[in-house]
Amino acid sequence: MKAYLLVFLGAGVGGALRHGVNVGCGRLCGTDFPWGILVINVTGCLVMGLIAGWLAFKAQMSWSQDMRLFLMTGVLGGYTTFSAFSLDFATLWERGAHSLAIAYVLASVVLSLAAVFLGLALVRMAS
């Protein structure tokens with residue numbers, strides 16, 4: 001139960017941060033291009049790399065699982081799931097599974113885009 005609470009609280013923080021960054025970027029840069037989501041994805045990936053590296057190499061094991069759940073799954077999951085996608089790719093790549101890493105990226109991007117278009121088409125057909 002503790003793990004779910006950590007993720008729940010972190011996701012609330014991350015979602016609020018995401019909204020704030022998205023609104024702020026829209027005000028600063030305009031809304032003709034999705035600058036907010038770009039900034040969110042890039043900063044989320046940077047923070048994911050920093051936290052993953054710190055937890056793997058610097059943190060004491062006694063609290064790293066709770067911090068991982070709160071920060072990586074919760075805060076960053078609420079902020080952007082693109083950071084988790086990027087970490088999964090990096091993990092596969094660093095393990096030497098280059099073909100799997102590339103297949104993961106291609107499948108994720110192509111299938112996700114296809115799913116969005118399918119969802120849009122299904123709603124249009126139902127109208």
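Taken from CG in L100 to CH2 in W93, the straight-line distance is 11.5 Å, to the nearest 0.5 Å. From L50, atom CG reaches atom SG of C45 across 11.0 Å, with rounding to the nearest 0.5 Å. Distance check: Y79 OH to T43 OG1 gives 2.5 Å after rounding to the nearest 0.5 Å. The line from OG1 of T81 to CZ of R18 is 7.5 Å long, rounded to the nearest 0.5 Å. Residue D88 holds its CG atom at 4.0 Å from OH of Y104, rounded to the nearest 0.5 Å.
Residues V116 and L122 do not share a hydrophobic cluster, clusters being chains of Ile/Leu/Val/Met/Phe/Trp/Tyr side chains in contact below 4.5 Å. When the side chains of ILVMFWY residues are joined at heavy-atom separations under 4.5 Å, either directly or via intervening members, F8 and L17 end up in a single hydrophobic cluster. Clustering ILVMFWY residues whenever any of their side-chain heavy atoms sit less than 4.5 angstrom apart, transitively, puts M67 in the very cluster that holds L5. At a threshold of 4.5 Å between side-chain heavy atoms, the hydrophobic network of Ile, Leu, Val, Met, Phe, Trp and Tyr places F85 and L38 in two separate groups. M48 and W54 fall within a single hydrophobic cluster, where Ile, Leu, Val, Met, Phe, Trp and Tyr are joined by side-chain heavy atoms under 4.5 Å apart, directly or via other members.
Here the side chains of D66 and K2 are in contact, with some heavy-atom distance below 4.5 Å. Side-chain contact check for I37 versus N22: some heavy-atom pair is nearer than 4.5 Å. No side-chain heavy atom of I40 sits less than 4.5 Å from a side-chain heavy atom of F82. Side-chain contact check for M72 versus L87: some heavy-atom pair is nearer than 4.5 Å.
Counting heavy-atom neighbours within 6.0 Å of F57 CZ, excluding the residue itself, gives a total of 12 or less. Heavy atoms from other residues, nucleotides or ligands lying under 6.0 Å from NE2 of H19 number 12 at most.
The shortest non-hydrogen separation linking C29 to W35 is CB-CD1, 3.6 Å. Considering all non-hydrogen atoms of both residues, V21 and G36 come closest at CG1-O, 4.3 Å. L9 approaches F70 most closely through the heavy-atom pair C-CE1, 4.0 Å. The two atoms that bring L69 and A3 nearest to each other are CD1-CB, 3.6 Å, heavy atoms only. Across every non-hydrogen atom of G44 and L76, the tightest pair is O-CD2, 4.0 Å.
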- Task: Show your reasoning for whether side-chain contact (heavy atoms from CB on, under 4.5 Å) applies to I51 and V75.
- Result: CA-CA 11 Å; I51 293 171; V75 175; over 6 Å; no
